[in-house]
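Note sheet for the following structure.
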Amino acid sequence: MAVTKIYIVYYSLHGHVETMAREVLRGANAVPDVEATLWQIPETLPEKILEKVKAAPRPDDVAEIRAEQLAEADGFMFGFPSRFGVMASQFMTFFDNTYDLWTSQALAGKPAGIFWSTGFHGGGQELTALTAVTKLAHHGMIFVPLGYTFGKGMYEMEEVKGGSPYGSGTYAADGSREPTELEIQQANYHGKYFAGIAKKLKKRSPV
């Protein structure tokens, strides 16, 4: 059977999204005949600003992706922190650089999922995903939401948990909070669930 290539593309300033991305990767690669690869997008902030905001070091084991490389994959999981209810500007810049892919509609018909990190309840656990869908729609990509397929974990009321029917997520609070075990489990499940959908679509594709 042909291998389904999934690119997990993320931006992480303080490490929260990176933690989620690695778990999404584990989940996706647990699906037979799926080859998931982790990528980070380029940083746009100057070094001086990164020092002031105490940005986490960028990992050496994750390569930077160029926009045109998206055409190589069969599906995508995009991860980013929220800024004012939308994806971080670094990721917006990355999507701005996909102009050639947009004009050729090279990504049309390919599935895409979303995961994120926000500060707190009002920080965009749903809005961040909803506003990100516009990027997918213009490219003709197929948005694959998480729905309530994670089961009882979606209804957790005894602890703070990120995520929504639109995808998996975590809360960073003031930056000191780390993804919880339940959030990590959800990210792993999300990667596995998405990979299964992408594999089905690849199998049914007439191209």
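Scope of the values below: all heavy atoms of this structure, side chains included, with no hydrogens, waters or symmetry mates.
A parallel orientation is assigned to the rings of Tyr148 and Tyr155, their planes being inclined by less than 30° (bins at 30° and 60°). The aromatic rings of Phe78 and Phe95 sit perpendicular to each other, their planes meeting at more than 60°, with 30° as the lower class boundary. Ring planes of Tyr166 and Phe143: parallel class, angle under 30° (limits at 30 and 60°).
Taking all atoms of both residues into account, the shortest heavy-atom contact from Gly163 to Gln186 is CA-NE2, 4.0 Å. The nearest pair of heavy atoms linking Lys192 to Ala30 is CE-CB, 4.1 Å. The two residues Ala36 and Ala28 make their nearest non-hydrogen contact at CB-CB, 3.7 Å. For Met154 against Leu146, the heavy-atom pair with the smallest separation is SD-CD2, 4.2 Å. The heavy-atom pair separating Leu45 from Glu43 by the smallest distance is N-OE2, 3.0 Å. Of all heavy-atom pairs spanning Val17 and Gly79, the tightest one is CG1-C, 3.6 Å.
In this structure, Ile114 CD1 and Leu130 CG are separated by 8.5 Å, a value rounded to the nearest 0.5 Å. Within the model, atoms CG of Leu136 and CG of Leu107 stand 10.0 Å from one another, a figure rounded to the nearest 0.5 Å. Annotation: the span from His16 atom NE2 to Glu178 atom CD amounts to 4.5 Å, rounded to 0.5 Å. Atoms OG1 and NE2, on Thr134 and His139 in that order, are 10.0 Å from each other to the nearest 0.5 Å. Summarising the geometry, atom NE2 belonging to His14 is positioned 10.0 Å from atom CG belonging to Asp174; distances are rounded to the nearest 0.5 Å. Rounding to the nearest 0.5 Å gives a distance of 12.5 Å between CG of Leu38 and CD1 of Ile6.
Between Tyr11 and Phe91, the gap from one ring centroid to the other reaches at least 6.0 Å.
Taking the side chain as every heavy atom from C-beta outward, Met20 and Ser117 never approach each other to under 4.5 Å. Taking the side chain as every heavy atom from C-beta outward, Trp116 and Ser164 approach each other to under 4.5 Å. Residues Thr37 and Lys5 form no side-chain contact, since every pair of their non-hydrogen atoms from C-beta on lies 4.5 Å or further apart. The side-chain heavy atoms of Glu72 and Tyr7, taken from C-beta on, include a pair separated by under 4.5 Å. For the pair Lys135/Thr98, no side-chain contact is recorded, criterion being any heavy-atom separation below 4.5 Å from C-beta on. Ile142 places none of its side-chain heavy atoms less than 4.5 Å from the side chain of Ile197. Residues Thr170 and Arg177 form a side-chain contact, since some pair of their non-hydrogen atoms from C-beta on lies under 4.5 Å apart. Annotation: side chain of Lys202 is not in contact with side chain of Asp33 (no heavy-atom distance under 4.5 Å).
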**OP:** For side-chain contact (heavy atoms from CB on, under 4.5 Å), just list the numbers for Leu182 and Gln185, CA-CA rounded to whole Å, side-chain angles, deciding distance to a tenth of an Å, and then say yes or no.
**Re:** CA-CA 5 Å; Leu182 184 56; Gln185 289 173 9; 3.8 Å; yes

**OP:** Show your reasoning for whether side-chain contact (heavy atoms from CB on, under 4.5 Å) applies to Arg58 and Leu50.
**Re:** CA-CA 11 Å; Arg58 287 170 71 83; Leu50 293 173; over 6 Å; no

**OP:** List the steps, then state whether side-chain hydrogen bond (donor to acceptor under 3.5 Å, both in side chains) holds for His190 with Ser168.
**Re:** CA-CA 7 Å; His190 193 187; Ser168 53; 2.8 Å; yes

**OP:** Start with the C-alpha gap between Leu127 and Val86, add the side-chain angles, then the distance that decides, and say whether side-chain contact (heavy atoms from CB on, under 4.5 Å) holds.
**Re:** CA-CA 7 Å; Leu127 186 59; Val86 298; 5.8 Å; no

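Under the 4.5 Å side-chain heavy-atom criterion for ILVMFWY residues, a single connected hydrophobic cluster contains both Met77 and Tyr10. Ile8 and Met141 fall into different hydrophobic clusters, where Ile, Leu, Val, Met, Phe, Trp and Tyr residues are linked whenever their side-chain heavy atoms come under 4.5 Å apart, directly or through other members. Transitive grouping of hydrophobic side chains (ILVMFWY, heavy atoms separated by less than 4.5 Å) keeps Tyr171 and Phe80 in distinct clusters. In the hydrophobic clustering of this structure, Val62 groups with Val24; members are Ile, Leu, Val, Met, Phe, Trp, Tyr whose side-chain heavy atoms approach within less than 4.5 Å, directly or through other members. Each of Met92 and Phe115 belongs to its own hydrophobic cluster when Ile, Leu, Val, Met, Phe, Trp and Tyr are linked at side-chain heavy-atom distances under 4.5 angstrom.
Listed for the Ser104 side chain is a donor-acceptor partner under 3.5 Å among the backbone atoms of Leu101. Checking side-chain atoms of Lys199 against main-chain N and O of Val34 turns up no donor-acceptor pair under 3.5 Å. A donor-acceptor pair under 3.5 Å links the side-chain atoms of Glu156 to the main chain of Glu158, judged by distance alone.
By the 4.0 Å N-to-carboxylate-O rule, Glu23 lies close enough to Arg26 to be salt-bridged with it.
With sequence neighbours excluded, no residue satisfies salt bridge (charged side-chain N to carboxylate O under 4.0 Å, His left out) with Asp60.
Within 6.0 Å of CH2 on Trp102 lie no more than 12 heavy atoms contributed by other residues, nucleotides or ligands.
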